[in-house]
Participant: 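This is the structure, below, for whatever I ask next.
Indexing begins at 1, ligand by ligand and atom by atom, following the structure's order. Counting from 1, the numbers follow the sequence of the chain as shown. Note that the structure is a prediction, hence the values are computed from the model and not measured.
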Amino acid sequence: MNSYVARLYQLAGQPSRRIIGLMSGTSLDGLDVALCRLTGHGPGTQLELEQFRTVPYNDDTRARIRTVFAKEQVSLEYLTLLNPWLGSLHAAAILDCLREWQIAPHEVDLVASHGQTVYHAPQHQHQRPDFSINATLQLGDGDHVAVGTGIITLSDFRQKHVAAGGEGAPLAAYGDFLLLSSPDEERLLLNLGGIANFTYLPRTGGDASTAFSTDTGPGNTLLDGNVRTHRPGLQYDEDGRLAAAGHVHNGLLAALLHHPFFAAPLPKTTGPELFSPTFLAEAQQRSNTATLSLEDTLATLAELSAVGVARAVQAAFAERPAPTAVYTSGGGAHNPALMAALARHLPGARFQSTDVLGVPGDAKEAILFAVLANEAVAGQPVAIGAGRQRVPAVSMGKISFPG
Ligand SMILES: Nc1ncnc2c1ncn2[C@@H]1O[C@H](COP(=O)(O)OP(=O)(O)OP(=O)(O)O)[C@@H](O)[C@H]1O
Ligand SMILES: CC(=O)N[C@H]1[C@@H]2OC[C@@H](O2)[C@@H](O)[C@@H]1O[C@H](C)C(=O)O
């Protein structure tokens, strides 16, 4: 028997596994590295987050990713080169973290690598009559991560979801459901990354078929892009200071909200392919607001992100009250201007960080991929959701051996 197959078989039978989850999201701020001890599997999964670090991307890495990121046309040669280059970069980042944490690679059982999304193309977004399929592309080849670290690696999680009829995202529902359901309350888990999304969790023991997750529209992506354009050198509006100094422009807000995405049924996914600088420029042109101050534009964009979340929550809970327990994660939770807008648009909500649940908000997405790898190796396909909100019950991730 191949010794790695034997190792996987052994890992599957162990009571717990030590798994590194990797996530590099749409904000391109860096690679999140979460060292997790996962005990059990399925609804009994227990998480201990042993270490967490974001390894920042330098300007060169960001520029390389931006060369292809969310672009309809790119150099095929560049894309081909970027795939293994990112895999090797991620492997080096893991080794660097392990050195700092004084842990040897052989003491880690698995790596769960999300890779870098460079293009997300659900059918509603690409609208090509010649391809009636959903598609999504993550770079950072898993074999390079496995060979570079010496650790068995699972990667490319989203393809199975697409193959089973999903849009490849959001996958958060699976891990959120396993780690964060509570017998005491139903919950909304609101992630404010480049794109915003939420997971609805019924009480544990309640009707699991009602759990689901959906994107809601932009989180920080339009805010970040606008800041970068007008304040070169800044990556984002720190602590939302610029947005807080501005006023919402209702004309621009209406032009932004005009897009059918905001009225589309749930669940839905999106990305910076749609919510791009061009999307903003077109809305500015239609509303005659191209010369609006940076502060007012940012205040309006924060409002847009909050309205997107509120509309999706209203659509999901048209027939009954929405959960009031809302747990936030992602970088946008550190933006007080965005959080203030959300508080206005979700009046009954009690906002807390997922930190209070033992899952630090900044680490949550990386942890979720460790949970998916744990399920793929030791668990069963997770069945949650029903009807239009059905989440395909599949195990996800492709397995790469180091040798
Ligand atoms: N102190 C802060 N003040 C304002 N905004 C902040 C702050 N800290 C982080 N952010 C925002 O959070 C962003 C990073 O968020 P995060 O890392 O969750 O995104 P991501 O994981 O790349 O996105 P996605 O979840 O869409 O893949 C930054 O680009 C910035 O917009
Ligand atoms: C295609 C893709 O990478 N989507 C990301 C992105 O970032 C946030 C939002 O858009 C979400 O749909 C997803 O990530 C999280 C981890 C998810 O799949 O749940």
Participant: Between Asp239, Asp29, Asp224, which one has a non-hydrogen atom sitting closest to atom 28 (C) of ligand 1?
Facilitator: Asp224
Participant: Could you tell me whether some N/O pair between Thr117 and ligand 2 is separated by less than 3.5 angstrom?
Facilitator: yes
Participant: Going by heavy-atom distance to atom 15 (O) of ligand 1, choose the closest among Pro336, Ala366, Gly331.
Facilitator: Gly331
Participant: Got an N/O contact under 3.5 Å between Ala172 and ligand 2?
Facilitator: yes
Participant: Should you measure from each heavy atom of Gly25, which atoms of ligand 1 turn up under 4.0 Å away?
Facilitator: 20 (P), 21 (O), 22 (O), 27 (O)
Participant: Is the backbone N or O of Ala243 less than 3.5 Å from a side-chain atom of Asp237, with the two atoms forming a donor-acceptor pair by type?
Facilitator: yes
Participant: Please name the residue in the list Asp215, Thr214, Thr328 that meets the side chain to side chain contact (heavy atoms under 4.5 Å, CB included) test with Phe198.
Facilitator: Thr214
Participant: For atom 6 (C) of ligand 2, grab the closest protein heavy atom and report residue, atom and distance to one decimal in Å.
Facilitator: Thr26 CG2, 4.2 Å
Participant: Within ligand 1, which atoms have a heavy atom of Glu238 less than 4.0 Å away?
Facilitator: 3 (N)
Participant: Can you list the atoms of ligand 2 that are under 4.0 Å from a heavy atom of Ile195?
Facilitator: 8 (C), 9 (C), 10 (O)
Participant: Output the list of atoms in ligand 1 that are nearer than 4.0 Å to some heavy atom of Gly193, sorted by atom number.
Facilitator: 18 (O), 19 (O), 23 (O), 24 (P), 25 (O), 26 (O)
Participant: Keeping Asn220 on the side-chain end and Leu223 on the backbone end, is there a donor-acceptor pair under 3.5 Å?
Facilitator: no
Participant: Identify, by atom number and element, the atoms of ligand 1 in contact range of Asn191, meaning under 4.0 Å from any of its heavy atoms.
Facilitator: 25 (O)
Participant: List the closest protein heavy-atom neighbour of atom 13 (C) of ligand 2: residue, atom name, distance to the nearest 0.1 Å.
Facilitator: Arg158 NH2, 3.4 Å
Participant: Are any of the N or O atoms of Leu171 closer than 3.5 Å to those of ligand 2?
Facilitator: yes
Participant: Could you identify the single nearest non-hydrogen protein atom to atom 24 (P) of ligand 1 and state the distance to 0.1 Å?
Facilitator: Thr26 OG1, 3.4 Å
Participant: Suppose I only count heavy atoms of Gly330 and a 4.0 Å limit; which atoms of ligand 1 are within that range?
Facilitator: 18 (O)
Participant: In ligand 2, which numbered atoms sit nearer than 4.0 Å to a non-hydrogen atom of Thr136?
Facilitator: 1 (C)
Participant: Just to confirm my output: which protein heavy-atom neighbour is closest to atom 1 (C) of ligand 2, and how far is it?
Facilitator: His120 ND1, 3.3 Å
Participant: Do Met23 and ligand 1 have an N or O pair less than 3.5 Å apart?
Facilitator: no
Participant: Do me a favour and list the nearest non-hydrogen protein atom to atom 11 (C) of ligand 2 with residue, atom name and distance?
Facilitator: Asp215 OD1, 3.5 Å
Participant: Just which atoms of ligand 1 are under 4.0 Å from any heavy atom in Gly194?
Facilitator: 19 (O), 23 (O), 24 (P), 26 (O)
Participant: With respect to atom 22 (O) of ligand 1, which of Ser329, Ser27, Pro218, Gly361 exhibits the smallest heavy-atom separation?
Facilitator: Ser27
